[in-house]
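Down below is the structure, laid out as structure tokens.
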Amino acid sequence: MENLKENEIVTGESEFATKSITSLFWKYSLFALAGMALQTVSVVADGFFVGNGIGAIGMGAIGIIVPFWTVAVAFFNLFGIGGSILAAIKLGNGDPQGARRVYGSVIIFSFIFSVIVSVIVLMNLDSVLVRLGATPELLPAAKAYAVPYLIGVPICVVGTVAYYFTRVAERPFAAAIGYMGPAVIAVIVEYIFIFKMNMGMVGSAIPWIICVGMSVFLVPYLQIVDPVFKLKLSDFKIDFTAVLEACKIGFAMFVVNIATIFSTIIINNLIAKYGDPSIYIPAFAIINAYVAYTLMIITISFVQGIQPIVGFNYGAKLFGRVRELIKVGIIQSSAFIIIVMALIFLFRSQIAGFFIGPVPVLVEATVATMKIFLILYALGNVSQVVAGYFMAVEKNGLAILNGIARIIIFAVPLLYILPKSFGLNGIFMSQPGADLLSFALAIACIMREYKLLKNN
């Protein structure tokens, strides 16, 4: 009877194989966006609380800490996206036991691995923060944030892995709730910590852990309600082959996030060379940590909407549905992001003022930087959607190529070329240049893939 229940998800009754592609794409994307939107609200609130409750030093510290966020997201993608895609493919192939084995192995291994990384960074924290661009003035605030943050990261990794597997279990609403509830709690807690208890940067770090880490309650949820991902004692033995295969799939997005860290470090150091770091590091932090982060969250939501559907249908060899999803996903997600970009530019002064408060010089610097840095950001996000697709069909080379193109292949070289001619503005001009070039590459790759699927 138990095996019969497990196999229900891989029969023709699965909505991944039967429902309209457009409705599935928006169902899974919007549930992902709903959950992550409240997390984005929490992040935006963090920017408001830090900017208005702590000030420029706090925003500068956030600018240094952004790579820590990016590393955490990299682990989320490596284990969560990679493992969940592998599980979706196994379900499409009719192997629910294999899917459960992947889930158990990834959950355990990701926790152990992230604990080890956190301990190593904590043991070398000062030197790490200095290498990230922390000045003597910013180091104490950045360190105050980093310590509780690093302690909580392993729980956040496990929670996010559970979130991705909950979506593969065809329970996107439960996954969204797993992100929405903690985000509301985090906003309330951060307001109390910063404005009522004067906890400084510690009061910013702990709510981040609450916001992401409380999704760990999805682990017992799946244990109770889902027949496929209900772990048995035998599943607590790590299958390193499954972990390696999952990491191979998630590696593309992992590389994207790690590449973003290098880009942030380069930009922070170039700002110190070509401009006033006391003004432009906080200004760039507002854009990078909050505005660009929000856009990234939207893109990730669409990638999350595509991946379990693609993984299942590709595993089931339903290539016509995969082709349809490529077309729907790229066109409709791009249209949505363009609308969001238009709103950001329309209210750019208000956005800058919201984060930094009534500090005219910082507002002006943020607006000026935003107009350059984000002008073609919607095009660049297409490359991430395409990279997400190639991850879902286990074409890791193309996934990595499209994932790193925007930053490593295009942005980093431009960062060393453009400032020599355009000074400070050249630093921020590198992003739209990279967005345009990575968009062209992504379209060329996905058109080729579309033709291959048509032949199949």
Is the distance from the ring center of Y164 to that of F79 below 6.0 Å? no
Applying the ring pair (Phe, Tyr, Trp, His ring centres under 6.0 Å) test to F302, which of F31, Y389, W26 qualifies? W26
For C156 against V212, the heavy-atom pair lying closest together: CB-CG1, 3.7 Å
Do F193 and V189 come close enough that some side-chain heavy atom pair is under 4.5 Å? yes
Atom CZ of F345: over 12 foreign heavy atoms under 6.0 Å: yes
So does K395 pair up with E449, basic N to acidic O under 4.0 Å? yes
Neighbour count above 12 (heavy atom, 6.0 Å) for K143 NZ: no
Minimal non-hydrogen separation, V216 against V158, with atom names: CG2-CG1, 3.9 Å
State whether the number of non-hydrogen atoms from other residues, nucleotides or ligands found under 6.0 Å of Y450 atom OH is greater than 12. yes
Does Y274 OH have over 12 foreign heavy atoms under 6.0 Å away? yes
Is atom CZ of F195 surrounded by more than 12 heavy atoms (other residues, nucleotides or ligands) closer than 6.0 Å? yes
So, is the end of the R406 side chain (NZ or CZ) under 6.0 Å from the ring centre of Y377 and within 45° of the ring's axis? yes
If every non-hydrogen atom of P419 is compared with every non-hydrogen atom of L270, which pair is closest and at what distance? CG-CD1, 4.5 Å
